[in-house]
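Below, chain A is the first sequence line, B the second, and so on; all start at residue 1.
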Amino acid sequence: MGQTLFDKIWDSHRVMRIPDGPDVLYIDRHLIHEVTSPQAFNSLKDKGMKVFRPDRTFATCDHNTPTLHQDRPIEDPASAAAVAALAENTAANGIRYFPLGDPGNGIVHVMGPEQGIILCGQTVVCGDSHTATHGAFGNIAFGIGTSEVEMVFATQCLMQAKPKQARITVDGRLRPGVTPKDVILYIISRLGTGGCTGCFVEYSGEVFRNMSMEGRMTVCNMSIEMGAKGGLVAPDGTTFGYIRGRRFAPQAGEFEECVAKWKLLHTDEDAVFDKEYRFDAADIPPMITYGTNPGMGMPVYAEIPDSAVGCDEAGFGKALSYMGFGKGLRLEGFPIDYVFLGSCTNGRIEDFRAFASAVKGRRKAEGVTVWLVPGSKEVERMIEEEGIGDVLRTAGFELRQPGCSACLAMNADKIPEGKYAVSTSNRNFEGRQGYGARTILAGPLVAAEAAVTGRISVPLSYSASI
Amino acid sequence: MQKIITIHSPAVLVPTANIDTDQIIPARFLKTTSRDGFGRKLFYDWRYDADGSPVRDNIIDRQMYCPAAGENNAGPVRCRILVAGDNFGCGSSREHAAWAIADAGFKAVVSSSFADIFRNNALNNSLLPVQVSAAFLAALMSAIGADPALQVDIDLPSQTISAEGVGTERFAINGYKKECLMKGYSDIDYLMAHMDRIVGYEEEHRQMK
């Protein structure tokens, strides 16, 4: 029987098998940030140890950081202390750190690939569940807890039980105005917020083949939102083209040697998955969520359904009551208060291109607060270089500085209690964007439409016919 | 690591499915660089209003202590077991969620499924995730609903969970982890004892980037 891409990477990283226990996996890339690393550094310090392989570890600050006035000291003392601890710990251990304001700084899952830190066929971990993002390059990438961060610091290895495997195939062509975010929100709405728990997912089919790296990252990023340990896409010319020439990527002849090896990274034709799901691209509409988990999604123009996959009746009702919605309500035309473009899901240059293309020649809606937060300094640089910044400013928008921002509201970017926010981030959990905040997840085009109309609207570029 | 052998306690019942780690511990409490004291922040937004005043009769605090069973009337008993709906601990990988539950005095969480990262985080903190069938969970929930002082027994050596009127069910855990929990060993000690294997692997795969 053939092997899956996942099997091939797993097997080549297995250091040992523990009898009646998990495998010990070697970790190629360890990304760290200021929120989930300090306790691991402290434990290491208490044991008198240093990071075993600092050259495989890369650090950025993103979760706590302000998105305004990054040149000034961080105001919030707890955030400032967490960021200072990261600077100290990385310096003490010889770890490359991209501090606030550095051209390489940004959200860990945006800057990692941009800097060429993320290659193909690797194991990638980070104390952050959206580490699944890096599966877009054909990697086994997943989030870990702080005890596991400490294990990787100490040994460059992790103990993991091999998960089950699922394949999600989407063939056909996406309709105009449908983005990678809509694809993944659609899949999660069909499988449920816990639908892939215990599984690693491979995304296959025409839709993913035709997707840019940014799009693949958006899709893989949200694998965790259906419970999957991670998700990956087999690398191809698009992948190699993205990596080529990036700062930390192998250069010239060495790069070509790597590509020759990376071309072998695919699932064998006779490989068998534990679960197979198939969807048709033409069925995927522009999506929004209406509830308090990412599985509670529907077409922008639909009515709120009576139930959602994986939600019990009580939970479904509680979610609608938190959102101030009811069954059967149509959300198209519903007025909103905030729009957030950004996060490790949709804070990349393509998302800003999409948003700008939709708002060009139009005006920001009165009374709507719009936060446009680039995922990294590199995205910020490209926004200006491509003239997107001018388009946005002409339309009445302001850009903020890079970071996780309102996705999890650890900094000052909080959605006030009871307010509605159309967010391109990844989670609509109760309180996620601020105490009592009501999140409607969407892609960059739906966010753009909300920013100029002040209402939930179908993107102008959407066409129900192909 | 604390050892786990058996747990005998009444339970806190949270019958909701898909409880995410943002509910267990909101992100704004993650700024500290220490592991301690998160128990006070457990399910914070369910227990406190926006202005920080306690929510009366909230689902967590009203169940945290149970009247002692039996005749000796020894005063209220702290619950050591959390019983929750399906897909517990989904969302963010924050280990702070497991720290908060453990710091609040819980030794085990019972559900019909756990998010993968939460499960590992719990195990790394001697908090036992007990995965039971949907039918057993439903029966256990209704029994606790009828009698909040119901004693639940979890026995790690025999990998069983039982309660009067509900029955007994066996739960799965791999042999390695079971031994770690019963003896108080941690994964990091095991890995550190095998550094020669790790270095050997690196030498074999030297050209790997």
Which answer fits [X], side chain, backbone, both or neither, if we ask what part of it has an atom under 4.5 Å from a heavy atom of chain B?
{"X": "A/Asp76", "answer": "side chain"}
{"X": "A/Gln160", "answer": "side chain"}
{"X": "A/Arg432", "answer": "both"}
{"X": "A/Arg14", "answer": "backbone"}
{"X": "A/Met49", "answer": "side chain"}

Exercise for the section: May I have the step-by-step check of side-chain contact (heavy atoms from CB on, under 4.5 Å) for B/Val199 and A/Phe52, ending in yes or no? Expected result: CA-CA 11 Å; B/Val199 172; A/Phe52 177 54; 4.1 Å; yes

Quick one: [atom1] on [X] to [atom2] on [Y], what's the gap to the nearest 0.5 Å?
{"X": "B/Ser93", "Y": "A/Glu148", "atom1": "OG", "atom2": "CD", "result": "9.0 Å"}
{"X": "A/Tyr435", "Y": "B/Tyr48", "atom1": "OH", "atom2": "OH", "result": "12.0 Å"}
{"X": "B/Asn120", "Y": "A/Ile144", "atom1": "CG", "atom2": "CD1", "result": "10.0 Å"}
{"X": "B/Cys90", "Y": "A/Arg427", "atom1": "SG", "atom2": "CZ", "result": "8.0 Å"}
{"X": "B/Met192", "Y": "A/Lys47", "atom1": "CE", "atom2": "NZ", "result": "7.5 Å"}
{"X": "A/Lys229", "Y": "B/Ile117", "atom1": "NZ", "atom2": "CD1", "result": "6.0 Å"}

Determine whether [X] and [Y] make a side-chain contact, defined as any pair of heavy atoms from C-beta on separated by less than 4.5 Å.
{"X": "B/Asp20", "Y": "A/Asn293", "value": "no"}
{"X": "A/Thr197", "Y": "B/Phe114", "value": "no"}
{"X": "B/Asp22", "Y": "A/Glu430", "value": "no"}
{"X": "B/Tyr201", "Y": "A/Met16", "value": "no"}

State, to 0.1 Å, how close [X] and [Y] come at their nearest heavy-atom pair, and which atoms those are.
{"X": "A/Cys199", "Y": "B/Asp116", "answer": "N-OD2, 4.2 Å"}
{"X": "A/Gly145", "Y": "B/Glu95", "answer": "C-OE1, 3.3 Å"}
{"X": "A/Pro22", "Y": "B/Tyr176", "answer": "CD-CD2, 3.6 Å"}
{"X": "B/Gly91", "Y": "A/Ile224", "answer": "O-CG1, 4.2 Å"}
{"X": "A/Asp312", "Y": "B/Thr16", "answer": "OD2-CA, 4.4 Å"}
{"X": "B/Lys31", "Y": "A/Ala82", "answer": "O-CB, 3.9 Å"}

Most contacts with chain A, counted as non-hydrogen pairs under 4.5 angstrom, among [options]:
{"options": "B/Gln23, B/Arg28, B/Lys178", "value": "B/Gln23"}
{"options": "B/Asp86, B/Asp45, B/Ile173", "value": "B/Asp45"}
{"options": "B/Ser34, B/Pro26, B/Ser113", "value": "B/Ser34"}

Practice task
May I ask you to check whether B/Thr33 and A/Gln39 show a side-chain donor-acceptor distance below 3.5 Å?
Solution key: no

Exercise for the section: Verify whether one side chain among A/Ser43 and B/Arg35 offers a donor that lies under 3.5 Å from an acceptor in the other. Expected result: yes

Can you tell me which portion of [X] sits under 4.5 Å from chain A's heavy atoms? Options are side chain, backbone, both or neither.
{"X": "B/Ala115", "value": "backbone"}
{"X": "B/Phe118", "value": "neither"}
{"X": "B/Ile188", "value": "both"}
{"X": "B/Asp187", "value": "both"}
{"X": "B/Ser92", "value": "both"}

Practice task
Have a look at A/Val15 and tell me which of B/Arg197, B/Glu202, B/Glu204 forms a side chain to side chain contact (heavy atoms under 4.5 Å, CB included) with it.
Solution key: B/Arg197

Handout entry: Test log, rule side-chain contact (heavy atoms from CB on, under 4.5 Å), inputs A/Ser147 and B/Asn125
Key = CA-CA 8 Å; A/Ser147 295; B/Asn125 288 280; 4.2 Å; yes

Exam field: side chain [X] to backbone [Y], donor-acceptor pair closer than 3.5 Å:
{"X": "B/Asn18", "Y": "A/Gly310", "result": "yes"}
{"X": "B/Asn174", "Y": "A/Gly21", "result": "no"}
{"X": "A/Glu417", "Y": "B/Ala50", "result": "no"}

Practice task
For the pair B/Leu191 and A/Val24, evaluate side-chain contact (heavy atoms from CB on, under 4.5 Å) and give the outcome as yes or no after the intermediate values.
Solution key: CA-CA 8 Å; B/Leu191 288 173; A/Val24 175; 3.6 Å; yes

Practice task
Evaluate whether atom CD of B/Glu164 has more than 12 neighbouring non-hydrogen atoms of other residues, nucleotides or ligands under 6.0 angstrom away.
Solution key: no

Exercise for the section: Determine, stepwise, if the pair A/Tyr26 / B/His205 fulfils side-chain contact (heavy atoms from CB on, under 4.5 Å). Expected result: CA-CA 10 Å; A/Tyr26 193 78; B/His205 297 78; over 6 Å; no

